[in-house]
Amino acid sequence: MTQYFGGLCAVSEFSVSLEQGQLVALIGPNGAGKTTVFNLVSGFYKPTRGEILFKGASIKGKKPHEVTSRGIARTFQNIRLWFDMTVLDNIRIAQHHALGYGLLDCFLRTPRYMRREREIEDHAMQVLGTLGLAEVAHELPKNLPYGVQRLVEIARALSINPALLMLDEPAAGLNSADVEGLIASIRAIHKEFNLAIWMIEHQMDVVMSLCSWIKVIDFGATIAEGTPEAIQNNPEVIKAYLGDDTI
């Protein structure tokens, strides 16, 4: 797929294929077009040219909520939580697309409403438990450390039972201890849910610890892809990051 903004080509002929259970990284210098790729896949942009397929069906031009309902969830560079709602409510509200009851059920508190609300809360607590967040379920995110807020955002994305989880710089702003916790949490998610995880990340220790395949872009174009070992020693990747014209 290709994306232009006016006369600027932000993403050029990008392609990637992910399988269930894969953990893949998309890396590149600042401004390389990584988040634009995520925005295209998650429905925030419609590609200028090309196709986006998920489970064999086109999602090109679908709205973000339509993409989500098909099984793609994502986080963002900047945390986007409802800071004056509890952690549990932040997770529960992600289920609004699949409530299974109507406004009248809500007003009358029908058996269907009560049953579905119990199911939603049980599922939310299960997800929080997987990430070690059950004990903060009734806390406000604004009162929690930054690293925990990051995990809450990941938990909210997980709560829709995605087939593909897209993480946009999950380690951004984290200290070394939080980064270690994040790596452990992503491993736990990968093992527990057996889903595809696709991440943008600048911290190479996170990428190299977790991912079996890495794709590198610069100025919107793919310059390399391969295993962590191959990428570490790729001259084009080193040049893109260090700007060394002698390489």
Side-chain angles (χ1 to χ4, degrees), residues 23 25 35 38 42 64-65 67-69 71-101 106 109 113-203 205-207 209-211:
L23 220 165
T35 295
F38 268 31
S42 54
H65 71 276
V67 173
T68 299
S69 68
I72 298 177
R74 69 168 292 185
T75 63
F76 296 85
Q77 290 180 21
N78 300 315
I79 293 174
R80 299 188 181 184
L81 296 172
W82 289 279
F83 287 99
D84 291 310
M85 298 172 61
T86 67
V87 168
L88 179 59
D89 284 341
N90 267 271
I91 308 305
R92 291 172 68 242
I93 203 168
Q95 301 298 306
H96 75 279
H97 70 287
L99 288 175
Y101 61 75
C106 184
R109 301 180 71 84
Y113 165 83
M114 300 299 291
R115 181 178 63 254
R116 186 69 183 110
E117 284 296 306
R118 283 194 300 270
E119 292 171 352
I120 289 171
E121 182 163 340
D122 288 346
H123 177 60
M125 290 302 300
Q126 178 186 5
V127 172
L128 290 172
T130 299
L131 293 178
L133 297 171
E135 64 183 20
V136 300
H138 300 289
E139 298 286 344
L140 299 179
K142 66 182 181 182
N143 297 330
L144 298 174
Y146 186 80
V148 178
Q149 293 178 16
R150 279 280 180 194
L151 290 180
V152 172
E153 189 175 39
I154 294 173
R156 185 177 60 188
L158 272 176
S159 71
I160 71 160
N161 295 318
L164 170 61
L165 176 63
M166 300 165 61
L167 304 176
D168 194 346
E169 296 192 33
L174 301 186
N175 60 37
S176 56
D178 286 338
V179 167
E180 290 180 8
L182 174 72
I183 291 172
S185 294
I186 293 175
R187 282 184 177 141
I189 291 166
H190 191 237
K191 180 179 179 180
E192 177 76 17
F193 295 94
N194 190 32
L195 73 173
I197 299 177
W198 189 18
M199 70 166 63
I200 295 170
E201 186 50 67
H202 283 292
Q203 294 204 33
D205 53 344
V206 176
V207 173
S209 295
L210 291 170
C211 298

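Between atom CD1 of residue Ile93 and atom CE of residue Met85 there is a gap of 4.0 Å, rounded to the nearest 0.5 Å. For the atom pair CG (Asp84) and NZ (Lys142), the distance works out to 4.0 Å, reported to the nearest 0.5 Å. Separation of atoms CG (Asp205) and CD (Glu201) is listed at 8.0 Å; rounding is to 0.5 Å. Rounding to the nearest 0.5 angstrom, the gap separating the CD atom in Gln149 from the CD1 atom in Ile79 is 4.5 Å. Between the CD1 atom of Ile120 and the CZ atom of Arg118 there is a distance of 11.5 Å, given to the nearest 0.5 Å. Here CZ of Arg156 is found 12.0 Å from CG of Asp89. Values are rounded to the nearest 0.5 Å.
Here the side chain of His123 pairs a donor or acceptor atom with the backbone of Ser159 at under 3.5 angstrom. Between the side chain of Gln203 and the main chain of Ala171, a donor-acceptor pair closer than 3.5 Å is present.
A heavy-atom distance below 4.5 Å is found between the side chains of Ile183 and Val206. Put simply, the side chain of Tyr146 reaches to within 4.5 Å of the side chain of Leu174, judged on heavy atoms. Looking only at side-chain heavy atoms (C-beta outward), Leu128 and Val136 stay at 4.5 Å or farther from each other. Side-chain contact check for Arg74 versus Leu165: every heavy-atom pair is 4.5 Å or farther apart. Counting only heavy atoms from C-beta outward, the side chains of Glu139 and Leu88 never approach each other to under 4.5 Å. Two residues are said to be in side-chain contact when any heavy atoms from C-beta on lie closer than 4.5 Å; Leu167 and Ile186 meet this criterion. Put simply, the side chain of Phe38 reaches to within 4.5 Å of the side chain of Ile200, judged on heavy atoms. In this structure the side chain of Ser209 reaches within 4.5 angstrom of the side chain of Arg187, judged on heavy atoms.
Closest of all the heavy-atom pairs between Thr130 and Ala188 is O-CB, 4.4 Å. Ile160 approaches Ala73 most closely through the heavy-atom pair CD1-CB, 3.6 Å. Closest non-hydrogen pair, Ile91 versus Ala124, comes out as CG2-CB, 3.6 Å. Taking all atoms of both residues into account, the shortest heavy-atom contact from Arg150 to Phe76 is NH1-O, 3.1 Å. Nearest heavy atoms, Leu23 versus Leu210: CD1-O, 3.7 Å. Nearest heavy atom pair, residue Pro141 against residue Asn90, reads CG-ND2, 3.7 Å.
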Exercise for the section: Any chance you could lay out the side chain to side chain contact (heavy atoms under 4.5 Å, CB included) test for Leu81 and Val87, step after step, and finish with the verdict? Expected result: CA-CA 9 Å; Leu81 296 172; Val87 168; over 6 Å; no
Exercise for the section: Check step by step if side chain to side chain contact (heavy atoms under 4.5 Å, CB included) holds for Leu164 and Leu195. Expected result: CA-CA 6 Å; Leu164 170 61; Leu195 73 173; over 6 Å; no
Exercise for the section: Take Val127 and Leu133, measure what side chain to side chain contact (heavy atoms under 4.5 Å, CB included) needs, and give me the verdict at the end. Expected result: CA-CA 8 Å; Val127 172; Leu133 297 171; over 6 Å; no
Exercise for the section: Quick one: do Glu153 and Arg80 satisfy side chain to side chain contact (heavy atoms under 4.5 Å, CB included)? Show the steps, please. Expected result: CA-CA 7 Å; Glu153 189 175 39; Arg80 299 188 181 184; 3.9 Å; yes
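Counting non-hydrogen atoms of other residues, nucleotides and ligands closer than 6.0 Å to CG of Asn194 gives a total above 12.
If you check the side chains of Gln77 and Thr35, you find a donor sitting under 3.5 Å from an acceptor.
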